[in-house]
Amino acid sequence: QLQLVESGGGLVQPGGSLRLSCAASRFTLDYYTIGWFRQPPGKEREGVSCISSSGGSTYYADPVKGRFTISRDNAKNTVYLQMNSLEPEDTAVFYCAAKSIWLNPASVQAMCEMSRVDYWGQGTQVTVSS
């Protein structure tokens, strides 16, 4: 079973930056579309950004466009989410997720907008506050 481990969360002031990492153990991420989702306090989980297995296709939710950048380094078996110009509204638990490209594959947009996910990470807390 694919295991995803997020890291890089923490407390940051408004306007600051964080980089989240999603690493996989036991299996390669080469055959998975990867996404970042978040769940703000008291709200439902939502898709933030997704990236295709090759890295050639990406999707961003409107609230994060121009501020967040998703990337992947398949050699390191890791996917990143660079978050700049953070706002208090970005406070949430961020989850990494994976969707197989072989079993009922989904586009990056479908994965993010419809939570088409096969595996979830445990989540990492991001708090934006002064």
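Everything quoted here is computed from the prediction, not taken from an experiment. For the single chain, residues carry numbers from 1 onward in sequence order.
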Between atom OG1 of T91 and atom NZ of K43, what is the distance when rounded to the nearest 0.5 Å?
-> 10.5 Å
With the 4.5 Å side-chain cut-off for hydrophobic clustering, are V93 and W120 part of the same group?
-> yes
Checking N74, I34, I101 against S53 for side-chain contact (heavy atoms from CB on, under 4.5 Å), the one that qualifies is I101
With a 4.5 Å limit on heavy-atom distance, are the side chains of V79 and C96 in contact?
-> no
Mind checking salt bridge (Lys or Arg N to Asp or Glu O under 4.0 Å) for D30 and listing every partner two or more places apart, or none if nothing turns up?
-> none
Search all heavy atoms of R67 against all heavy atoms of D90 and return the closest pair with its distance.
-> NH1-OD2, 2.7 Å
Give a yes or no on whether the backbone of L29 and the side-chain of R72 come within a donor-acceptor separation of less than 3.5 Å.
-> yes
Taking all atoms of both residues into account, what is the closest heavy-atom pair of K65 and D62, and its distance?
-> NZ-OD1, 3.1 Å
Aromatic rings Y119 and Y32: how do their planes relate, parallel, tilted or perpendicular, breaks at 30° and 60°?
-> perpendicular
In this structure, are over 12 heavy atoms from other groups packed under 6.0 Å from Q39 atom CD?
-> yes
Residues clustered with Y59, ILVMFWY side-chain links under 4.5 angstrom = V108
Quick one: sort the F68 and F94 rings into parallel, tilted or perpendicular, breaks at 30° and 60°.
-> tilted
Which atom pair, heavy atoms only, marks the closest approach of S107 to A110?
-> OG-N, 3.0 Å
Quick one: OG1 on T33 to CD1 on I51, what's the gap to the nearest 0.5 Å?
-> 9.5 Å
Please table the atom pairs, donor to acceptor, closer than 3.5 Å between any side-chain atom in residues 17-25 and protein atoms at least two apart or in another chain.
residue	atom	partner	partner atom	Å
S17	OG	N84	OD1	2.9
S25	OG	Q3	OE1	3.3

List the atom of P14, the atom of S130, and the distance in Å for their closest heavy-atom pair.
-> CD-N, 3.7 Å
With T127, which residues qualify under side-chain hydrogen bond (donor to acceptor under 3.5 Å, both in side chains), at least two apart?
-> Q125
Heavy-atom pair of closest approach, residues L103 and K99 | O-NZ, 2.6 Å
Remaining members of the apolar cluster that contains V5, side-chain heavy atoms under 4.5 Å | none
Which heavy atom in N104 sits nearest to a heavy atom in R116, and how many Å separate them?
-> O-NH2, 3.1 Å
Straight-line distance of W36 CH2 to Y80 OH, nearest 0.5 Å | 10.5 Å
Is a donor on one side and an acceptor on the other found under 3.5 Å between the side chain of E46 and the backbone of R38?
-> no
Is it possible for you to say whether V64 and V12 belong to one hydrophobic cluster, with membership spreading through side-chain heavy-atom contacts below 4.5 Å?
-> yes
Should the heavy atoms of other residues, nucleotides or ligands under 6.0 Å from CZ of F27 be counted, would the total exceed 12?
-> yes
Any disulfide (SG to SG under 2.5 Å) pairs touching residues 33-88, not counting sequence neighbours?
-> C50-C112
How long is the gap from CZ on F37 to CE on M111, to the nearest 0.5 Å?
-> 5.0 Å
Single-linkage hydrophobic cluster Y60~V128, side-chain heavy atoms < 4.5 angstrom = yes
T124 and S7: CA distance, side-chain angles, deciding distance, side-chain contact (heavy atoms from CB on, under 4.5 Å) verdict = CA-CA 6 Å; T124 184; S7 62; 6.0 Å; no
How long is the span from the CG atom in D118 to the CG atom in L2, to the nearest 0.5 Å?
-> 9.0 Å
